[in-house]
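Since the structure comes first, as structure tokens, the remarks are kept for the end.
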Amino acid sequence: MKNIYEDTLQFRGSWRDYQDRVLQNSQKYLADGKLHIVAAPGSGKTTLGIELLRRLGEPCLILSPSITIRQQWLERIMEGFLLPGREPEELLSNDLRHMKCITAITYQALYSAMKHYQGQLSDGDDESEEDERESEAVDFRDFDIFDAVKAAGIKTICLDEAHHLRSEWWKALETFMKELKGMTVIALTATPPYDSTPGQWKRYIDLCGPIDEEIFTPELVREGSLCPHEDYIYFNWPSREELAEIEAYQKKEREIWEKLLTGSRFTEMIATHRGLRNPEEYSEKFLDDPKYFSALLIFCQAQDIPFPSYLRELIGTEGKLPKLTPEWLDALLQGFLYDDAQSYEVTEGEREELLKELKEAGCVYRKKVSLTHRDAMQKLLVKSRGKMESIRRIVEAEHQSLGEELRLLILCDYIKKDKLPLVGTDQTLAAEIGAVPIFEYLRREAGEGIRLGCLSGSVILVPVDTKEKLEILLQEKGCQGTLSPVRDTGYGQLKVKGKNTHVVAVITELFRQGQINTLVGTKSLLGEGWDAPCINSLILATYVGSFMLSNQMRGRTIRTDRDHPEKTGNIWHLACIFPQKSGKTKHPDLSGDYEMLKRRFESFLGVSWKDNVIESGMERLAIPEFDTKEKMEKVNQMMLRRAADRDGLRARWQESLREIHGGMEVQQVEAVPREEEKTGFLFFNALWYEIFSVVLAVMAGMGRMFVEAAYGTRSALAAALGLLMLAACVLVARYGIRLARFSTPERRMRRLSQAVADALAETGELEDPQHCRAQVESVEGMLIGTWLKGGTMRDKTTFAACMEEIWGVIDNPRYLLMREKRRGRGEEYYSVPEIFGRQKERALVFEKHMRRVLGRYRVVYTRTPEGRKILLRARTRSFVNKNQSALQGRKVAKGKYE
């Protein structure tokens with residue numbers, strides 16, 4: 001069949017090695033009619049997708065998440081593929097009603113066509129401001145999409161980031177694909193839904209096909225497609241006003257705490273719980289919320305309220321329960337006021353009186369109790385005023401380091417258009433995080449040489465002296481605009497008649513030329529789909545949005561720049577923290593938005609500051625612990641010094657990449673927290689191993705002596721004793737071998753990890769089982785982590801999820817793996833991972849492989865009365881004793897044969 005693009009499209013660049021690899025293998029991948037590629041932001045997956053469409057040579061439909069990205073596909077075809085003399089209008093379309101050889105639409109347009117919708121389609125998520133959104137009018141009232149697709153001869157469908165859709169769009173896409181038989185599917189994504197449920201993953205794979213090729217950030221840096229880059233964190237302490245608010249929260253907390261614990265009335269009310277008098281009756285109910293049950297008993301212990309020994313036995317603890325803390329009291333109050341109110345013999349008036357006091361103290365929000373005001377404090381610190389000063393310091397430091405080469409982007413969530421009248425005035429500027437306030441703060445406070453710009457859907461501010469160049473660029477795009485000076489600031493507000501995409505392109509070109517060196521914008525406009533390779537520094541002043549979006553925004557900075565081949569990228573994250581160290585706790589509690597940052601860093605791969613390794617996770621930054629403002633400032637200065645050493649950054653990437661031999665793959669490693677390692681385990685196992693060796697040697701010697709005596713004296717007794725000793729040696733050796741297998745955490749984890757991998761293979765959950773094996777890494781006998789070697793990224797993620805469930809805090813699994821209490825050994829429990837717990841047959845496969853390495857364990861179905869009691873013991877022990885800590889997941893780039 002003739003290729004319809006033969007005389008119209010031809011790639012005008014040169015392919016990178018990884019792109020060439022995909023193209024060479026494309027026919028093999030397309031054997032099932034589907035080609036599924038995972039490629040990091042900045043890898044050129046759009047260009048790769050166009051080439052695949054060109055090679056297939058048939059009319060195609062490209063589906064994208066937004067209007068911006070839809071247009072990017074069409075622009076990339078015109079810039080990189082369309083042969084001279086060919087008119088784009090003859091080949092390209094973005095309208096379902098007038099399809100051409102290549103038609104690019106949005107998933108929303110597809111959904112609207114199938115629903116026969118008439119109205120406006122707009123970009124942006126629910127958090128976007130209205131004037132940020134690109135929109136267009138559609139009318140599908142009398143339109144049959146299936147007839148139109150057949151009439152256009154569409155044979156290929158390209159799905160760009162198919163899984164990042166609203167549920168109704170996803171359903172429409174599934175229906176559409178089922179109706180169209182015999183279509184070739186090309187699926188491209190930067191962030192596949194590895195963390196979805198098995199059911200959701202199956203839906204995704206059924207639509208897109210199994211992942212054929214994965215291209216990771218480190219490989220792209222090695223190939224030269226992405227520049228060396230690093231993430232930095234700039235911390236700020238709460239402002240004086242914020243500290244006052246925090247102090248007020250803490251004062252209220254202390255007052256409530258004192259009132260509840262020193263007065264007798266609350267204690268008397270808690271003592272009326274019916275479960276304290278009829279524990280057998282309530283054991284089933286306690287199962288539904290073991291944390292609350294634990295909190296009730298911990299409070300009873302603290303306040304000397306007697307409770308039956310049955311409950312202590314049920315909770316599975318020996319000796320005293322943990323001390324009462326505000327967190328445990330929160331859980332108790334939640335049950336008393338809302339979740340378990342009917343179990344207390346108190347009047348409604350008494351309960352309402354306490355509820356009123358807690359509400360007045362700000363300890364109840366939307367029927368959720370929090371004496372610590374943790375949620376309120378987090379919201380306060382996430383939007384901290386001090387972040388403005390952090391931004392200024394970063395901007396000045398980056399300008400000092402790069403000078404005229406600086407191209408810094410500051411991304412935030414909102415425009416804050418209402419602050420526009422304050423620009424150029426002496427009025428006090430409230431330090432709110434938004435495009436306009438950040439622009440004005442930097443205009444007032446930043447040093448010389450900082451040329452600012454503000455680019456959002458409705459507010460555009462640029463230096464007045466760019467007027468002539470601005471007019472030329474607008475004219476080239478067919479736009480008209482007026483630049484009105486804003487007071488005596490040297491900046492003007494630009495008003496343009498034309499499409500948002502054209503305006504963005506014009507301001508981006510001013511930015512590239514250096515007419516603007518510090519651009520403030522919003523993530524909705526400059527996040528996903530926007531391309532500006534000149535950016536060499538990024539400040540993420542955002543506090544809402546998904547990981548996918550933050551990953552896309554980060555991708556803006558790490559692209560290579562053909563005008564500056566030596567480019568490196570700095571990505572700055574802001575964190576307002578309030579370290580609190582209570583009692584004898586080892587580490588300070590970094591409240592604020594630190595936890596959100598930790599989650600972000602779980603998927604960002606970068607060079608470690610500890611070793612020559614490329615890995616994810618915040619630990620790779622090697623941030624010293626701090627619990628004072630002075631120590632925090634030292635950390636910030638360290639970050640600024642690191643960021644200024646861009647030559648050192650490039651050298652560190654080169655050194656780390658040299659450590660990776662041969663082909664590269666990314667492993668999902670599950671690591672044991674260092675503080676959870678019990679060195680005593682090593683000592684006692686080594687001690688027992690030595691004792692076993694001595695006992696075995698003595699018994700073997702005695703056996704030999706008795707046998708020799710029997711041979712010489714013909715004594716039946718000596719012969720019997722000799723044989724008995726030799727039999728005992730065999731028995732001891734059997735247990736000795738078992739002890740040897742588990743004599744170190746590394747050996748125990750290796751056998752358990754391989755058993756999990758074998759169980760996954762037997763149940764058909766591994767896509768490439770023949771190449772999978774469990775690996776464990778340790779240094780000086782201390783376990784570092786476990787991962788699955790070989791297989792697909794989905795295999796690695798499935799294995800990692802199983803390990804996390806097995807070692808994590810027990811919640812509510814359908815099956816438990818249990819070792820019953822025996823002499824000298826307590827009960828021990830593990831969750832059976834959800835992937836095995838869906839069916840009894842699968843759970844028994846898991847049991848078989850676990851018994852092979854752990855011994856006499858059995859699976860228990862937790863949905864029976866007896867099973868629920870066992871689950872209660874397991875859950876409460878897990879909650880109270882904290883004896884099971886979830887592994888810490890991280891991704892590590894390794895050589896395929898390491």
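We're numbering straight along the sequence, starting at 1. For clarity, every value in this text was computed on a predicted model and none was experimentally measured.
Contacts of Ala774 classified as side-chain contact (heavy atoms from CB on, under 4.5 Å), with partners at least two apart in sequence or in another chain: Ser753, Gln754, Phe799. Checked against side-chain contact (heavy atoms from CB on, under 4.5 Å), Pro813 has the following partners two or more places apart in sequence or in another chain: Ile810, Leu816, Ser831, Leu871. For Glu630, there are no side chain to side chain donor-acceptor pair (under 3.5 Å) partners two or more places apart in sequence or in a different chain. For the side chain to side chain donor-acceptor pair (under 3.5 Å) test, no residue two or more places apart in sequence or in another chain qualifies with Glu353. For Glu348, the salt bridge (Lys or Arg N to Asp or Glu O under 4.0 Å) partners two or more places apart in sequence, or in a different chain, are Arg351. Scanning for salt bridge (Lys or Arg N to Asp or Glu O under 4.0 Å) contacts around Lys356 gives an empty result, with sequence neighbours left out. Residues passing the side-chain contact (heavy atoms from CB on, under 4.5 Å) test with Pro306, sequence neighbours excluded: none. For Asp340, the salt bridge (Lys or Arg N to Asp or Glu O under 4.0 Å) partners are Lys285, not counting sequence neighbours. Applying the side chain to side chain donor-acceptor pair (under 3.5 Å) test to Lys629 and every residue at least two apart in sequence or in another chain returns nothing. Scanning for side-chain contact (heavy atoms from CB on, under 4.5 Å) contacts around Glu841 gives Gln839, with sequence neighbours left out. Residues forming a salt bridge (Lys or Arg N to Asp or Glu O under 4.0 Å) with Lys359 (at least two apart in sequence, or on another chain): none.
Counting only residues at least two apart or on different chains, the salt bridge (Lys or Arg N to Asp or Glu O under 4.0 Å) pairs with a member in residues 269-278 are Arg274-Glu345, Arg277-Glu345.
With ring centers used as reference points, Phe336 lies 6.0 Å or more from His273. Checked against the 6.0 Å centroid threshold, Tyr815 and Phe846 do not count as a close aromatic pair.
Using a 4.0 Å cut-off between a side-chain N of Lys or Arg and a carboxylate O of Asp or Glu, Glu242 and Arg385 qualify as a salt bridge.
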